[in-house]
Structure formats: structure tokens, C-alpha cells
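Notes to accompany the following structure.
A note on names: the letters A, B, ... follow the listed sequences, proteins ahead of strands, and every chain is numbered from 1. Computed from a predicted model, the values in this text were never measured in an experiment.
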2 protein chains.
Amino acid sequence: MNTDNTKSQMRKGMLEYCIMLLLRHQPCYANDIIQRLHEAEMIVMEGTLYPLLSRLKRDGLLGYEWRESTQGPPRKYYVLTDDGQEALRQLDASWEEILRTVNILKLEK
Amino acid sequence: MNTDNTKSQMRKGMLEYCIMLLLRHQPCYANDIIQRLHEAEMIVMEGTLYPLLSRLKRDGLLGYEWRESTQGPPRKYYVLTDDGQEALRQLDASWEEILRTVNILKLEK
DNA sequence: TATGAATACCTTGTATCGCAAGGTACTTTA
DNA sequence: TAAAGTACCTTGCGATACAAGGTATTCATA
């Protein structure tokens with residue numbers, strides 16, 4: 001069995017939730033997100049993150065602003081929009097539902 | 001935003017885990033699984049379940065045996081193999097990891 | 001006996017997503 | 001001025017959930 005693949009599949013969709021949780025309180029640019037997720041024990045690849053951010057932007061859940069860096073090129077800082085806040089609430093509900101399901105199944109028999 | 005799609009995405013991979021949890025203690029056939037998952041507040045489509053069961057069988061994580069039904073055609077009862085038990089332990093670990101990540105992110109700031 | 005409904009299994013086609021690999025552009029440093 | 005570092009993005013691939021549609025067996029009933 002390919003455990004890595006299963007873990008990868010398990011995280012599908014979860015990533016979106018985790019990133020929006022991250023952006024709840026402060027704007028971040030890509031490397032911030034990668035690092036903070038890493039600290040939370042979740043590995044994200046650039047090739048995963050950038051398309052995801054673009055999609056959330058396109059869907060109106062995220063906005064961004066350019067900020068100069070003290071070192072290197074400018075950075076895109078993403079923020080949650082109002083629609084994003086609302087979507088996050090729905091994701092919270094979905095997460096609770098999954099949590100409930102797994103707990104029910106784990107406790108059975 | 002398409003909430004249904006997000007929920008669907010969130011469940012990718014989770015389904016595999018949930019089904020193996022279900023089969024831990026007793027053999028089930030497809031409709032059993034659909035019904036028991038429904039009771040645990042998770043909806044699964046036939047078109048999702050059958051290919052998934054076939055794949056887990058092909059990977060050696062599940063086995064099955066035919067059993068007569070008192071009513072209707074015979075049923076394929078799936079069971080966890082030893083490899084399946086081992087894989088389930090790894091999935092438990094992956095699940096704990098995701099749980100930890102989400103909790104960390106939810107508690108931040 | 002024949003036929004229709006119910007049950008159970010499976011396949012195909014589509015959309016979406018994570019990921020590896022590769023690419024572009026700007027900034028700093030040697 | 002060239003090389004290294006930083007930041008952003010795209011392409012191609014494999015995997016998966018789902019809707020829709022299909023096959024086969026059993027049972028009830030006309």
C-alpha cells in the first residue's frame with residue numbers, strides 16, 4: 001500500500017480549510033503559509049499552494065496586496081474576504097461533521 | 001462557492017479510512033456500508049463505493065466472501081486482511097496528524 | 001410460466017485536486 | 001556583470017468522488 005498517497009488523498013480539501021484558518025487573523029504570503037503549516041505538521045508543496053491560492057482568489061474568498069520586502073522581490077499577501085469568512089464558517093461545519101463521523105466509527109463495537 | 005464540492009473534496013481519502021474502520025470488527029457488503037456510514041452522517045454513492053472496494057481488494061487490504069441472502073441475490077461480504085489491519089494503523093496515525101494540525105491552527109492567535 | 005420490481009454488483013466519463021518538475025522575473029551580492 | 005537567492009506561476013500526471021447507466025439474480029404476482 002502506498003501510505004504517502006493515502007495521506008496525500010486524506011489531505012485533499014483539508015488543505016483549503018487549513019489555509020483559510022491560517023489567514024483568519026493575519027495576511028500571509030506563500031512562504032509564510034508553507035512555514036506555518038510546516039510548524040503545524042503539515043507539508044505543502046509550492047506547486048500545490050499557488051494554484052490553490054489563485055483559485056480561492058478567483059472564487060472571491062481571498063484577496064491580496066503587494067508588499068515590499070526588505071530583502072528580495074515584493075510579496076503577495078493574501079487576506080480572507082468577507083465571503084471567505086463565510087466560507088470558512090461552512091468549512092468549520094464540514095470539519096465538525098467529519099470529526100463526528102470518524103468518532104462514531106472509532107467508538108463502534 | 002460550491003459547498004458541496006468542498007465537502008466532497010474534504011472527504012477524499014477520508015472515505016477509505018472510514019470504510020476500513022467500519023470493517024474492523026465485522027464483515028459488510030456494500031449496502032451495509034452505505035447504511036452504516038449514513039448513520040454516522042456520511043453519504044456515499046454506489047459509484048464511489050464499488051470502485052473503492054475493488055481497489056482495496058486489489059491492493060490486498062480487503063478480502064471478501066459470497067454469502068447467500070434470505071431475499072435477493074448473493075452478497076459480497078468484505079473483510080479486513082492482515083495487511084488491511086496494518087494499513088488501518090497507518091491511517092489512524094495520518095488521521096491523528098491531521099487532527100493535530102487543525103487543532104493547532106484553530107487555537108492560533 | 002412469464003413478467004416486472006427489487007436487489008446487488010459493476011463500468012464509464014467528467015471534474016477536481018495534490019504534486020513533481022520546470023519556468024519567469026526581480027533583487028542582492030560577490 | 002554574473003551568480004545566487006527569493007518569489008511567483010504553469011504544465012502534465014496520477015488519483016479520486018460522483019453521476020449516470022448497465023448487467024445479473026431473485027422474488028412476487030398475474
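Sequence order on DNA chain C of the closest nucleotides to A:Arg55 and B:Tyr64 puts B:Tyr64 first from the 5' end.
When distances run from any side-chain atom of A:Arg11 to the nucleotides D:dT16, C:dC19, D:dC9, the shortest one goes to C:dC19. Side chain of A:Pro73, nearest nucleotide from D:dC8, C:dC9, C:dC26: C:dC26. For B:Tyr29, the side-chain atoms get nearest to C:dC9 when compared with the rest of C:dT29, C:dC19, C:dC9. Closest approach to the A:Lys12 side chain among D:dT10, C:dT27, C:dC17 is made by C:dC17 (side chain taken as heavy atoms from C-beta onward). Checking D:dA7, C:dC19, D:dT25 against the side-chain heavy atoms of A:Thr48 singles out C:dC19 as nearest. For A:Met45, counting side-chain heavy atoms from C-beta on, the closest listed nucleotide (C:dC19, D:dC9, D:dT25) is C:dC19.
In terms of hydrophobic clustering, with Ile, Leu, Val, Met, Phe, Trp and Tyr side chains grouped at heavy-atom distances under 4.5 Å, B:Leu49 and B:Met20 are assigned to a common cluster.
We find that OH of A:Tyr50 is positioned 18 Å from P of C:dG22, with the value rounded to whole Å. B:Asn31 places its CG atom 12 Å from the P atom of C:dC10, with the value rounded to the nearest Å. Between B:Ile34 atom CD1 and D:dC18 atom P the separation is 11 Å, expressed in whole Å.
Of the residues A:His25, A:Arg24, A:Arg36, A:Gln26, the one that meets the side chain to side chain donor-acceptor pair (under 3.5 Å) test with B:Glu108 is A:Arg36. Each of B:Leu99, B:Leu91, B:Asp92 was evaluated against B:Trp95; a single residue qualifies, B:Leu99, per the side chain to side chain contact (heavy atoms under 4.5 Å, CB included) test.
At a cut-off of 3.5 angstrom, the base of C:dC17 holds no donor-acceptor pair with the side chain of A:Gln9. One can find a donor-acceptor pair under 3.5 Å joining the base of D:dC8 and the side-chain atoms of A:Glu46.
Among the atoms of the strands shown, only primed sugar atoms or phosphate atoms (P, OP1, OP2) are found under 4.0 Å from some heavy atom of B:Leu15.
A:Lys76 forms a cation-pi arrangement with A:Tyr64, by the criterion of a distance under 6.0 Å to the ring centre and an angle within 45° of the ring axis.
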